[in-house]
Structures are given as C-alpha cells and as structure tokens.
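The figures here come from the full heavy-atom set of this structure, side chains too, leaving out hydrogens, waters and symmetry mates. In this chain, residues are counted from 1 in sequence order.
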Amino acid sequence: MKKKNRVLYQYFFSYFLIFIIPFSIISIIWYQTSIQSIEKQIQLSTQNYLLQAQTTMSDHLKQLEFISKQLSLDSKVSINMATHPYYSIEARSELARYKISSNLIDELFVYYYDEPNKVSSAFGQLDLALLTQEKYTKYDFDLDQLKKDLKVKTPIFRSVPSVIGKNGEEIQGLLEYIIPLWGSDGIPYGAAMYTIKMSNVQKIMNPILEDKIGNVFMVGDDQQLLASANSNYLVSLANSKKTIEKIKETKQVKLDQEKFEVMVLKDDNFGLSYMALTNSDRAYTAIKQVHNVILTSVIVLFAMGIGFIIFISKLQYKPIKNLEKMLKNQVESLGESESYDDFARIQQHVSYFLKQNKQLTQDIYRQVPHAREQVLRKLLTGRLKHQEEINVLLKSVDVHLDAPNYFTILVSTKMLDREASIQNQTFLMTFLDSFEGLGGSYRAYGSELLASQSIALLVSVKLDDKQNPQDKIQQVVNDILLLIQTENVISPPVGVGSLVTDLSYINRSYIEGLAALDYQTLYPEMKKVYYYSEIKQNLAQNSQFFYPTDEELKLTQSLNQGDEEVALKTLAEMIKKGNLEHKTVASRRLFGNYLVNIILKSGVDSCKDDFMIDANELLDFSSLDELFNCLQKNIHVICEYVQNKLKNQESQLKVAIFDFIETEYASHELSLEGLAEEFGVSISYLSRFIKKESGVTFSKYVQQLRLEQIKNNLIDTDQTIKEIIQAAGYYDVPNYTRKFKEIVGVTPGQYRRLKR
C-alpha cells in the first residue's frame, strides 16, 4: 500500500508544480494526451487478446495435426483392425486414447476410403447417416457435404450451424476439422474428423470483447464464418462472404448504421483469420463522459485546482492499477506468493516457461534410445518391408546405415545364473548400443533380445572392389570381439548371419545368426565365432545321406521367432534340394518324414498342448511338393501362435511391473535395479520399457505417484506435513518441500489452505 501511495503522491506534486501555468490550457493538453493513451491501450489490449486467442487455437490445432500423423502411422487403427470382429476392440481403445489427449475436441472419427459410408470412433463403427441422425441429432448436418469433405486432400474446416431446440433454446453449433490420412506410399487412404463444440471455441475467444462492445470471429480461407466469441447481433450481420471480405480489407466498417473498428490477425499455417469488431462509440463512452466532466470542472472550479490535481492524478494512476490487477489475477492462477511485486511475478512466469521447455527437450532426447530399439527390433524381425518406410524410421531415431551391405551378429549373454546373465547383458549394452570401427568402414547398432539372452548387432559395412565379402565380415567380427574383450575381458560366443544388400531382407540374416548361435549349443567345438555360411558348408560336406542340417537350424529358429516368411522360404529351399538329392520314392519319403518331424518338434516346443495336428495325414503324401502345401498351414499356425504369445508376454509383463510399482512406490527400497532383478530383465531394457508404456522415466513415474499421494493426503487428512511427506517415501522433508513448490507453484501448507 505504501508503494501505491508513493506513486500517487508523485503524480500529485508533479501537477501541483505546473499549476501556476494557465490551468485551463495545461489541462486540455494533458487530457487530450491521456485520451489518446487510453484509446491506444484499449487497441493494444484488444490486439494482445486477439493474438493470445490465435496462439491458443493454433496450439490446439497443431496438436490435432500431430494426432493425425500418429494415426496414419499407428497399425492399431488401420482399416483391418477397425473392421476386425475381434481386434476392433483394440482399435476403439486406441482411438479413445487419442481422443482424451486433446481437451478441445468433442469426438474423434476416422474415415476410410474403403468404407465410404462409415466412420470409426472410440465407441465403434457408425454409418454416416446414423452419425448425423443419432449422435448429432440436435445439429444441422449436411450429409452430402460431409461425404465430400471427408475425401478432400487438404485439411479443411466446416461450421455446423446452431439450431433451436424443442423448448426454444439455442443449441450452439459444431466446428469440424478434417485432416486427410496419408499412407507410407504417399497416397491418402482416409481422413480424421474432429468435432469441436462451439462452447470450447468460445472459451478461447470470449475474454476479448464484451457482448455489448463487439464480437470476435474466426474465419476460414474461403471467407466462411466458422465461429464467434458470442452470439450477439453482429453474427447475423457478418455471416456472408461479401461482408467478411469487406471487413478484412478495411480498418473501419459500418454495419447496421454503427461504426466498428476492425482488427485482423491471420494464421497462415491453418488458413484462418481472427477478426475483432469493436463499437468505438460504446467502447469510448466512459472516456468521453470523463472528458466532458473534467473540462466543465476546470472552467467552473478553477479555484479548486488542488482538488482537480488529485482527481487527475488518480485518473492517470488508474491504467497502472488496472494493469497490476490483471497481472495479479494471472499470477494467482499459478499460485504465486502475494508478497511478490510485479517484476518478480513476471520473472517467475519467464523462468517457469524456460524450465518447461528445457524439460521438454530433455524428455525428447531420452525418448530416442527407446524408439531406436523399437525400430531395430521391428527391422530384425521382418516387420518392416518397405524401404522408404525403413529409411524414414531410421532417420527419425538417428540411425545411420550409410554402407550398402548389411549383416547381423548375435552376441550371447548367457552366464551361470540368471542374475549374472542380466548384469552381463546390461554391461555389454553400455558400449554395444552404437559404435563404429576400422576407420569408419562399418557401423553397428545393438538391440537386446531377452527371450534368447543375447544382443543382436545390425552392422552396415563398406566392401572394397577387390576384397572377398566373407573376409571383410570376419575382419569386422574380429574387431568387435576385440572391443568386447577390451571392455569385458571375457569374449562371449557369437553367431554371424549372411550378408544382404537390402535392409528389408535383414531378418533372414538375423535368423541365420540365431541358427549359428544355436549351433554352438548343439555342436560345441570350443569356438567363439560361428558363421552360418561355414556351418552350412561343413554340414553339406560331412553329410552322407542328404539332411540339410544348416537349413534345419534356420527353419527351427524362424519358427521359434514366429517369422513365417523366412520359415516358408527355408522350407521351399529344403524341398527343392530334397527333389535334387533324392531320386527314389523311398528316399524322398524318408526325407519327407524328416521334414515332418522338424515341424512337429517345433510346434510342440512352441505351442505345447495347443499344437494339435494329424501326423498320419501329413505322412500320407505322394510327393515333396504336395507335402510342402500341407506343411504351410502348420507353419502358419506355429508362427501366429508365437507372435500372439510374445504380445501376451509383454502385456502381462507390463501389468505385473506397473502393479508392483503402484503397490511399492512409497517404499524407500524401491529402485530400478531391484525392479529389474524382481522381474528378471536388464536395467536398460526395463528403463526403456517403463518409458515406452508411461511416457516418463522410472524416477519421474514414481515421483508422480508420490506427489499425487501427498496432494490427496494434504486435502483429505489432518496429518502433519512432515508425516505425509515421510509416508510417501521421502526422508529429507525440507528439501522435498522446496521441490514441491517448484513443481506445484506453492508450498505444501499453501496448497492445503488453497484446496480446502
């Protein structure tokens, strides 16, 4: 209060010193300046609010564009998933997750060109006619126009007008935002339609102008009126393309015999314009009344100059007072202390903004290693087939495979017991995650394989024109083994797949590497490196009766991994070689029985009791080609079962891990290391897994759980603050109190008083 009085006194004495000059002249000059200043402040205030509304709306629309990009990449919301009688549940759940990520939209619909009369949403598939007649029965939808809009190739906005309800009340309309969905081949296959209630749009634009003073409009690039801040008489006056074009071209416009000042802000990113129409007569009425009163008072009450000085001083101080009041409201919304002055509050706003952006940048960098491992795993297991898609994904996760030749190395991490194996795998991944060697002639990226207790290295290598490819592979493998020996002392067993020149076929090299590593278990020869090409050659030379043991290893591994494509290709090669090697009927029947036995053994090992086939029917074949047709069905059953099993295992692991954390989060002994040991996984894998499923790191997730418990106990219980914080797992109460204020904006005590 003292600060305010001091400023007011300064105004008073300043005007008192110039009182000896002809007061009337000075008053007129001063007041004209004041009027211009206030008018300019009103204009700047309107402009600032208009810019704020544009920025807020643009941020929401950017979020919807981001959601649309995610939809186009998300296989869970593909047309096959959405229309599948079973997996449509998963598609609806995924759409519900996307929907709740934005608080602007009312509903999210996905339209597929292959289903021209239906849309998908979180509550299932609906006919377009049913959507307009039941879901939005209160709104005036143009069904034919909606069908045309859903097939456009660029994002568009469409306004659904308000209607009058049964009881005569006005039901506000909707705003449609339709964004085409593009496939990886660059061809649109559908569209995402977001319905936004006008009330949500009005919340963004409403604080700008009062109903009686004017209105604010949001206009599309086709001059269509999309939304307004309120529903006053100006909506009907400006609801035509010609009127809107006229308004946008001038700074003042006359509507219904009234003059309005026009302010327009354009958003070129979305083709939108925001127009503020202010009735100058109504907006400046109060200023004109004060102007007349002061001029009359100056003439009549000249002798009471001191009184006039006080009045003028207060009037001059009024804009500053309003500015302080506005800042106070904004600061209190963040929970700042009342003791802060204006500059301290502004500083806190800026600091908070910078801190949030710094945290966002750090979160993005933390996400890259996990995304990289997901892409590498999909690539190795053959789930990425298109080269363009592979290039985009690898670039997005900072993986650079510049050399045109690729192969895989499988590094075993098995030790004497499970705990030692986990520790060994975690340690090896610290330096096998990404590296290069031999003067940059090769680059390798690592990915953990928990099921086989090994690490898969995807290697891109440059070959000299005169150099044998196998010699170069051996040179690279020896260099990597030297790196492992330098860091780890012990050199683990290694399986090496064949060289490929197309990344979409790298899964074949991966299967071969697994087969080579598996060969080390079946035929130990006290070696550390097993090349699939050498195994294949040795087995072929040592076999008296043709049994392709190398292909058997490859076929078995492809079935174990659920890779149907590689399994069928390997079986076809075995059938082809069997026809060449075995000329008699008896010999071919014996070879066919050998193939049936491989499939039966893999089926029983992978599927257990769920693998039920008639072996007698398989053995009753007249040719190896006929047998191949029969075995295709069994391979499909095995691979489908393995893929589903892997998905179920990951889902069960997710439930178990998060249930454990949500039960033990307040424990002082809870740690990432202990959690990894509890579930038998490596620390690095667990860290990336929690980041993937929750969106935050392990420590951040535990911190959020503890923070929510502390907030709830502050509101719902009468425990002391110290007891509440210690019960949530924190020993150092003063330190956490400071941290609580950094996160929430107030101390725990202030939070309790505010919420109660």
What verdict does the side chain to side chain contact (heavy atoms under 4.5 Å, CB included) test give for V160 and M198, after you've listed the backbone C-alpha separation in whole Å, the side-chain angles of each residue and the deciding distance to 0.1 Å? CA-CA 9 Å; V160 179; M198 286 299 179; over 6 Å; no
Between T697 and K691 the two heavy atoms that sit nearest each other are N-CD, 3.9 Å
Value for CD1 (I725) from CD (Q719), rounded to nearest 0.5 Å, stands at 11.5 Å
| task | Verify side chain to side chain contact (heavy atoms under 4.5 Å, CB included) between L71 and I179, making sure each step is shown before the conclusion. | result | CA-CA 11 Å; L71 284 170; I179 303 176; over 6 Å; no
Check your understanding: Taking the inter-plane angle between the rings of H84 and Y86 on a 0 to 90° scale, is it parallel (under 30°), tilted (30 to 60°) or perpendicular (over 60°)?
Key -> perpendicular
Does the side chain of M218 reach to within under 4.5 Å of the side chain of L175, using non-hydrogen atoms? yes
d(L380 CG, S447 OG) to nearest 0.5 Å is 6.0 Å
Heavy atoms, side chains only, cut-off 4.5 Å: are K739 and N735 in contact?
no
Quiz prompt | Note, Y274 side chain near L51 side chain (heavy atom, < 4.5 Å) | solution = no
Start with the C-alpha gap between Q704 and V696, add the side-chain angles, then the distance that decides, and say whether side chain to side chain contact (heavy atoms under 4.5 Å, CB included) holds.
CA-CA 10 Å; Q704 289 176 353; V696 295; 3.9 Å; yes
*Does E94 pair with R97 as a salt bridge, N-O distance under 4.0 Å?*
yes
**Asked** Are the side chains of F109 and I178 in touch, meaning some heavy atoms are under 4.5 Å apart?
**Response** no
Nearest heavy-atom contact between A227 and V201 is CB-CG1, 3.7 Å
Checking D718, I724, T747 against R752 for side chain to side chain contact (heavy atoms under 4.5 Å, CB included), the one that qualifies is I724
> Going by the angle between their ring planes, with limits at 30° and 60°, are Y194 and Y177 parallel, tilted or perpendicular?
Replying inline: tilted
Do S93 side-chain atoms and I89 backbone N/O form a donor-acceptor pair below 3.5 Å? no
In this structure, CD of Q52 is separated from CD1 of I204 (nearest 0.5 Å) by 10.0 Å
Between Y701 and E662, do the side chains contain a donor N or O and an acceptor N or O under 3.5 Å apart?
yes
Can you find a pair of side-chain heavy atoms, one from I661 and one from L705, that are under 4.5 Å apart? yes
Neighbour count >12 (heavy atoms, 6.0 Å) for atom CZ, F66 | no
**Request:** Look only at the side chain of N48 and the backbone of L44, and say whether a donor-acceptor pair between them is shorter than 3.5 Å.
**Result:** yes
L272 vs L226 side-chain heavy atoms within contact, under 4.5 Å: yes
NZ (K197) and CD (Q202) are apart, to the nearest 0.5 Å, by 12.5 Å
Item checked: Side-chain donor or acceptor of Q63 paired with backbone N/O of S101 under 3.5 Å -> yes
task = Report yes or no: is the cationic atom of R372 (NZ for Lys, CZ for Arg) closer than 6.0 Å to the six-membered ring centre of Y445, at no more than 45° off its axis?
result = no
Closest non-hydrogen atoms of Y665 and R706, given as atom of the first, atom of the second and distance, are O-NE, 2.7 Å
| Can any side-chain N or O of E90 pair as donor or acceptor with the backbone N or O of Y87 at less than 3.5 Å? | no
In this structure, CZ of F689 is separated from CZ of F658 (nearest 0.5 Å) by 6.5 Å
Nearest heavy-atom approach of Q709 to A727 is NE2-O, 3.8 Å
>> Looking at Q54, is its backbone amide N or carbonyl O close enough to the side chain of S58 to form a donor-acceptor pair, meaning the two atoms are under 3.5 Å apart?
In response: no
Interatomic distance, CD1@I710 vs CD@Q703, rounded to 0.5 Å, equals 9.5 Å
| Do P155 and F270 have side-chain heavy atoms sitting under 4.5 Å apart? | no
message: Using side chain to side chain contact (heavy atoms under 4.5 Å, CB included), reason through V744 and K711 one step at a time and then give a plain yes or no.
response: CA-CA 10 Å; V744 182; K711 284 182 177 179; 3.9 Å; yes
Report yes if some heavy atom in the side chain of L393 is under 4.5 Å from a heavy atom in the side chain of L379; otherwise report no. no
Heavy-atom closest pair (P492 atom, S412 atom, distance to 0.1 Å) is CB-O, 3.2 Å
Here the pair of heavy atoms bringing I455 nearest to G446 is CG2-CA, 4.5 Å
> Counting distance only, does the side-chain N/O of D106 pair as donor-acceptor with the main-chain N or O of T195 below 3.5 Å?
Replying inline: no
